[in-house]
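Lettering of chains follows the sequences in order, A, B, ..., and the numbering in each one begins at 1.
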Amino acid sequence: MFELEQALIEEKINQYLRTTNLPEMEIRWAWIPFNGQWGISTSFFQLAAKTFAGEKGNVAQRATEIAQGIASAIKIPDGFSKIEALNGYLNLFFSPSIYTQRIVDEVLEKESNFGRNERLGKRVMFEFSHPNTHKAFHVGHLRSAFLGDVLSRISDAAGYDVIRANYPGDIGMHVIKWLWNYLKFHKGERPEKDITRWMGSLYAEAVKRLDENPDLENEVKETYIKWDQKDPEVVECWKETREWSLEGFKEMYAKLDIKFDKYYFNSMFEDLGKEMVDDLIARGIAQDERAEGGAVIVKLDEKLGLKDEKYRVLVVRRSDGTALYATEDLALARQKFLDYSDLERSYYVVDVRQSLHFQQVFKTLEIAGYDWATRCQHVSYELVNLPGNVVMASREGTVVLLEDLLREATARALEVVREKNPDLSEENKIEIAEAVGIGAIKFPMLSRESGKIVTFDWESALDFNGQAAPYIQYAYVRANSILKKMNSPLPESVNPGEKLTQSEIALIDLISRMPSEIQKAAKDLKPLTICNLAYELARAFNDFYTQCPVLSAEEPIRSARLRLVAAARQAIANSLALLGITAPQAM
RNA sequence: GCCCUCGUAGCUCAAUGGACAGAGCACCGGACUUCUAAUCCGAUGGUUGUGGGUUCGAAUCCCACCGAGGGCGCCA
């Protein structure tokens with residue numbers, strides 16, 4: 001946003017340093033942290049420390065001296081109102097009128113593209129969500145879905161070409177159990193609505209039956225053998241019921257506004273994985289211990305010559321020859337690079353419990369000589385637990401189903417909409433309630449560090465107050481409301497004059513940070529950064545809203561404020577879009 | 001036993017190695033004849049788990065310890 005200005009000033013600083021025989025320094029810019037003061041700053045502590053060359057001295061004082069020297073040596077650059085040396089920092093204040101006009105104009109010209117970087121011509125893939133077919137979808141599963149979706153949005157905005165990949169678990173023991181239960185007790189039945197809930201309830205029923213009567217495991221094993229031998233009835237049933245689950249997921253993703261470019265299915269990689277393992281055995285990377293009743297393993301630490309245990313041992317094929325998760329992951333990783341050979345990075349958005357597993361898989365691929373192996377990266381996140389640190393598990397019955405949460409959240413939001421906006425059409429109210437309800441669900445999962453556990457409880461999940469999506473949406477609605485009441489086209493670009501209030505400056509300051517915040521969020525893979533920005537924007541706008549009359553203001557202030565409101569509305573909308581949260585027109 | 005996360009206000013969480021560690025919730029006190037009060041303003045609240053170290057400067061980096069959670073050859 002201010003690269004040109006920064007480069008010019010950097011040149012001047014370096015010139016000063018040369019003429020005064022001070023060492024070169026790397027100049028890092030930061031925002032001036034004081035509220036209502038808009039500008040950029042850099043500090044000279046490092047340089048000051050260097051001038052003492054290890055001897056003792058007052059670094060802070062020297063830094064201030066240098067900053068003062070620079071402040072008096074370089075003229076105030078165009079567009080700046082003040083240059084100041086303070087506590088070792090050099091602060092350059094923007095001339096608010098000039099830059100407010102520039103930023104506002106840029107936002108209004110770029111609209112939804114404001115904040116987006118130019119295309120980098122680099123491709124990355126995010127694999128996320130990976131739901132299990134034939135099972136329920138609970139709140140714990142949402143974190144990967146939201147994280148992956150928003151990371152994709154942020155990376156896209158930061159200039160990357162993003163492939164959004166899903167990897168449904170459409171085969172495995174859980175599916176076999178489901179099929180057994182279905183064929184035995186529910187043959188011919190099909191789901192009417194709430195497909196995913198229905199699939200999940202049949203799975204729970206299967207598990208319950210097997211718990212109550214372990215002898216039935218034999219029947220499950222028979223089903224598994226039938227599956228393995230491609231028994232037509234079992235295979236057909238799998239194909240059909242699998243589609244039901246996928247249909248259910250499709251509805252759910254549509255509701256959550258999550259899209260995928262590419263589907264990889266677990267069932268596609270059993271055979272491919274086994275072939276890769278055979279290759280690993282042939283090349284002496286994997287050890288086949290099946291003759292002694294063991295499995296096929298890769299002794300990673302030994303292969304790497306490590307003394308201490310780090311990567312341990314990876315089982316790549318079961319003793320009975322069947323594939324397991326690791327087998328399939330080897331083939332999946334390769335497939336991604338076969339499909340997209342130019343992939344700069346292949347991200348796996350999977351919970352933290354699988355950290356070691358992915359390290360093992362990636363390291364195995366590296367040892368096997370695949371040059372892309374080092375481009376694979378596990379993006380881990382902590383779980384969503386229930387109060388008392390209870391893990392959500394369908395087996396334990398400790399789950400909150402997505403369907404239930406969605407229904408409750410939208411119902412609660414609908415209640416409020418009816419109260420606040422009784423005149424809106426019912427259709428409109430429902431639309432708003434869904435935007436608010438879903439936003440309220442997404443925000444808390446995105447607005448904390450991914451390494452921290454999210455504790456789900458109904459009370460805070462349905463609390464729309466405070467640091468939450470509805471607060472941000474409401475700021476958007478307020479801006480929208482002013483612009484609707486304007487009843488005329490938006491005024492042409494105007495200079496707001498020198499008398500901008502603190503709240504106006506604070507607002508435009510935040511808007512101007514958007515492009516760099518997006519870059520930061522993409523670099524750190526942190527949606528939280530965007531959550532913070534969105535919330536700060538909303539807060540600054542609410543402050544502006546109470547401080548500064550717009551429609552009743554005198555010209556030219558009125559025009560300038562109207563344009564600022566439009567820019568703020570756009571910035572808030574863009575930040576919400578990055579979070580996959582809908583900005584409603586009214587609330 | 002080894003490895004990985006996390007520990008900040010009563011609670012939930014922020015804070016590119018940098019300026020006085022900030023919000024929300026809760027609690028207390030205020031503000032709607034005004035562009036939507038799903039809002040705003042004010043008050044209270046801290047030895048950033050403990051002890052060392054690195055650095056001009058540490059909540060942030062390193063080491064040790066304490067506490068919580070997770071992972072560790074045939075689950076996904």
Side-chain angles (χ1 to χ4, degrees), chain A residues 28-34 41 43 45-46 48-50 52 56-63 86-89 91 130 132 169 172-174 266 289 294-299 308-320 322 324-326 328-329 350-357 359-360 380 382-383 385 389 391 413 416-417 419-421 436 444 447-449 451-453 455 460 463-468 470-471 473-475 477-486 516 520 523-524 528-529 531-532 535-536 539 542-543 545-553 561 565 586-587:
Chain A
R28 289 198 316 262
W29 294 102
W31 304 106
I32 295 174
F34 309 118
S41 75
S43 69
F45 299 110
Q46 247 169 17
K50 224 190 269 180
F52 288 116
K56 288 204 169 165
N58 191 329
V59 170
Q61 195 188 325
R62 176 67 61 85
L86 181 69
N87 303 333
Y89 290 83
N91 294 330
H130 24 252
N132 281 328
M173 222 41 212
H174 71 280
N266 195 205
E289 298 183 336
V296 182
I297 57 171
V298 180
K299 291 187 171 174
D308 299 323
E309 55 178 356
K310 179 170 183 192
Y311 294 99
R312 297 160 192 271
V313 172
L314 178 66
V315 176
V316 289
R317 208 161 158 179
R318 288 196 188 91
S319 50
D320 66 1
T322 56
L324 64 160
Y325 201 54
E328 289 142 4
D329 257 356
V350 182
D351 79 62
V352 66
R353 293 173 299 186
Q354 287 175 48
S355 296
L356 177 59
H357 165 80
Q359 278 192 59
Q360 291 175 324
S380 80
E382 263 294 354
L383 302 181
N385 285 348
N389 226 357
V391 179
V416 185
V417 181
E419 182 194 321
K420 307 270 177 195
N421 286 291
V436 172
S447 64
R448 63 220 327 87
E449 201 87 50
K452 283 182 178 161
I453 294 170
T455 303
S460 53
D463 186 2
F464 298 160
N465 295 316
Q467 284 179 334
Y471 177 88
Q473 291 167 316
Y474 185 63
V477 165
R478 284 178 137 184
N480 199 43
S481 180
I482 292 175
L483 295 167
K484 266 197 302 207
K485 293 217 163 138
M486 172 172 66
S516 56
K520 202 167 92 186
K523 183 174 146 276
D524 302 339
L528 168 61
T529 303
C531 290
N532 287 343
Y535 178 75
E536 289 299 323
R539 204 153 64 107
N542 275 327
D543 184 47
Y545 184 92
T546 48
Q547 302 282 326
C548 304
V550 179
L551 294 171
S552 61
R561 285 189 179 163
V565 169
M587 270 172 81

Can a side chain N or O of [X] be found less than 4.0 Å away from OP1 or OP2 on [N]?
| X | N | value |
| --- | --- | --- |
| A:Arg478 | B:rA37 | yes |
| A:Lys310 | B:rC4 | no |
| A:Tyr535 | B:rG22 | no |
| A:Arg318 | B:rA76 | yes |
| A:Tyr545 | B:rA37 | yes |
| A:Lys452 | B:rG7 | yes |

[N] to [M] separation - [atom1] atoms, rounded to the nearest Å:
| N | M | atom1 | value |
| --- | --- | --- | --- |
| B:rA43 | B:rA26 | C1' | 14 Å |
| B:rU50 | B:rU60 | P | 11 Å |
| B:rC40 | B:rU34 | C1' | 14 Å |
| B:rU16 | B:rA58 | C1' | 14 Å |
| B:rA59 | B:rU54 | P | 16 Å |
| B:rC11 | B:rU5 | C1' | 22 Å |
| B:rC28 | B:rC6 | P | 36 Å |
| B:rU55 | B:rA14 | P | 31 Å |

Minimum-distance nucleotide to [X] side chain [options: [options]]:
| X | options | value |
| --- | --- | --- |
| A:Lys485 | B:rA15, B:rC56, B:rC35 | B:rC35 |
| A:Asn389 | B:rG73, B:rG69, B:rA76 | B:rG69 |
| A:Leu551 | B:rC41, B:rC35, B:rU39 | B:rC35 |
| A:Pro33 | B:rA19, B:rC72, B:rC56 | B:rA19 |
| A:Ala295 | B:rC74, B:rG70, B:rU39 | B:rC74 |
| A:Glu309 | B:rA23, B:rC2, B:rU39 | B:rC2 |
| A:Leu86 | B:rA37, B:rA19, B:rA15 | B:rA19 |
| A:Tyr471 | B:rC40, B:rA19, B:rA76 | B:rC40 |
| A:Phe34 | B:rG69, B:rC3, B:rC20 | B:rC20 |
| A:Leu528 | B:rG73, B:rC56, B:rA14 | B:rA14 |

- Nearest-nucleotide wise, let me know which of A:Asp463 and A:Tyr325 is further upstream toward the 5' end of RNA chain B. A:Asp463
- So, A:Glu449 and A:Lys452, do they make that salt bridge, N to O below 4.0 Å?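 No.
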- Message: For a quick check of understanding: with a heavy-atom distance under 4.0 Å over all strands, which category does A:Ser319 fall into, base, sugar-phosphate or nothing?
- Response: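 Base: the residue A:Ser319, judged by heavy atoms under 4.0 Å, touches a nucleobase.
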- Message: At 4.0 Å (heavy atoms only), tell me whether A:Ala326 reaches a base, stays on the sugar-phosphate, or touches nothing.
- Response: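 Touches nothing.
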[X] [atom1] to [N] [atom2], straight-line distance once rounded to whole Å:
| X | N | atom1 | atom2 | answer |
| --- | --- | --- | --- | --- |
| A:Asn58 | B:rG57 | CG | C1' | 12 Å |
| A:Gln360 | B:rG71 | CD | C1' | 10 Å |
| A:Asn465 | B:rC25 | CG | P | 7 Å |
| A:Arg539 | B:rC13 | CZ | C1' | 14 Å |
| A:Glu289 | B:rC74 | CD | P | 12 Å |
| A:Leu356 | B:rG71 | CG | P | 11 Å |
| A:Arg448 | B:rC25 | CZ | P | 15 Å |
| A:Lys523 | B:rU16 | NZ | C1' | 7 Å |

- Task: Look through every strand shown and name the nucleotide pairing with B:rC32 as Watson-Crick or G-U wobble, where both distances are under 3.5 Å.
- Result: none
What are the two closest non-hydrogen atoms of [X] and [Y], and how far apart are they?
| X | Y | value |
| --- | --- | --- |
| A:Ser552 | A:Pro549 | OG-CB, 3.4 Å |
| A:Gly451 | A:Glu382 | O-CG, 3.2 Å |
| A:Val565 | A:Ala479 | CG1-O, 3.6 Å |

- Glycosidic class, syn or anti, of B:rC32 using a 90° window around 0: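 Syn, angle within 90° of zero.
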- Task: Have a look at B:rG73 and give me syn or anti from its glycosidic angle (syn if within 90° of zero).
- Result: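 Syn, angle within 90° of zero.
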- Considering only heavy atoms from C-beta outward, does the side chain of A:Gln467 approach that of A:Ser447 to under 4.5 Å? no
- Task: List the steps and the verdict of salt bridge (Lys or Arg N to Asp or Glu O under 4.0 Å) for A:Arg318 and A:Asp320.
- Result: CA-CA 5 Å; A:Arg318 288 196 188 91; A:Asp320 66 1; 5.2 Å; no
